[in-house]
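Heads up: the structure comes next, in structure tokens.
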Amino acid sequence: MGFFSRLFKRRKNEQVPIKNTVPDEKKAIRKAFGAYCHSHHNTSGKNMCSKCNALLMTVMVKIQRCPYGITKPVCQVCETPCFGAKQTQQFRTIMKGSQKKMFFFHPLIFMRQKLKEWSFMYYKQKSNK
């Protein structure tokens, strides 16, 4: 028995518990919408303009009804968006437009979202081969 085998026990073939990604996704989307609306529509505090607020509420409702369930991919790169084409385009515009603000004001949330996005893109590319 080696030195490292005493420190690190071997893993048995245990199933990894499924993590619910919906609350993290909702939090990141709320922060991104706030950052976008504050910079583009000159709002402040927790207040957002009526258009951004309406789209945010639609997105929050649709996330709960996502066909992927609790293990959903990141909404920005999802192939089957839960809402209409126009709302999907607006959503992606807002998420893309808020990236700089998210990077500076919420760096941990931004990096988690980016890592999830990249892992989904990698998995999608790997499955196409």
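What you see is a predicted model; the values in this text were computed from it and never measured.
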Original post:
Applying ring pair (Phe, Tyr, Trp, His ring centres under 6.0 Å), which residue pairs with at least one partner in residues 110-129 are found, sequence neighbours left out?
Top reply: Phe103-Phe110

**OP:** Kindly state each residue pair satisfying ring pair (Phe, Tyr, Trp, His ring centres under 6.0 Å) with at least one member in residues 74-96, sequence neighbours excluded.
**Re:** Phe83-Phe91

Subject >> NZ-SG distance between Lys101 and Cys37, expressed to the nearest 0.5 angstrom >> reply: 12.0 Å

Subject >> Other residues, nucleotides, ligands: >12 heavy atoms within 6.0 Å of Met121 CE >> reply: no

Subject >> Residue pairs involving residues 61-73 (criterion side chain to side chain donor-acceptor pair (under 3.5 Å); sequence neighbours excluded) >> reply: Lys26-Gln64, Tyr68-Thr80

Original post:
Which distance, rounded to the nearest 0.5 Å, do you find between the CE of Met95 and the OH of Tyr36?
Top reply: 12.0 Å

**OP:** Just jot down the side chain to side chain contact (heavy atoms under 4.5 Å, CB included) partners of His106, sequence neighbours excluded, or say none.
**Re:** Lys31, Met102, Ile109

Original post:
With hydrophobic residues grouped by side-chain heavy-atom distances under 4.5 Å, do Val61 and Phe33 end up in a single group?
Top reply: no

Original post:
Under 3.5 Å, is there a donor-acceptor pair between the side chain of Glu25 and the main chain of Cys75?
Top reply: yes

Subject >> Minimal non-hydrogen separation, His38 against Gly45, with atom names >> reply: NE2-O, 2.8 Å

Subject >> Same apolar cluster (I L V M F W Y, side chains within < 4.5 Å links), Val74/Ile63 >> reply: no

**OP:** Report the distance from atom CG of Asp24 to atom CZ of Arg112, rounding to the nearest 0.5 Å.
**Re:** 7.0 Å

**OP:** Compare every heavy atom of Pro81 with every heavy atom of Thr88, then report the nearest pair and how far apart it is.
**Re:** OG1-CB, 3.5 Å

**OP:** Run through Lys96, Gln113, Lys116, Lys114 and flag the one making a side chain to side chain contact (heavy atoms under 4.5 Å, CB included) with Gln76.
**Re:** Gln113

Subject >> Partners passing side chain to side chain contact (heavy atoms under 4.5 Å, CB included) against Asn47 (at least two apart in sequence or in another chain) >> reply: none

Please tabulate, for side-chain N and O atoms in residues 50-57, each donor-acceptor pair with protein atoms closer than 3.5 Å (sequence neighbours left out).
none

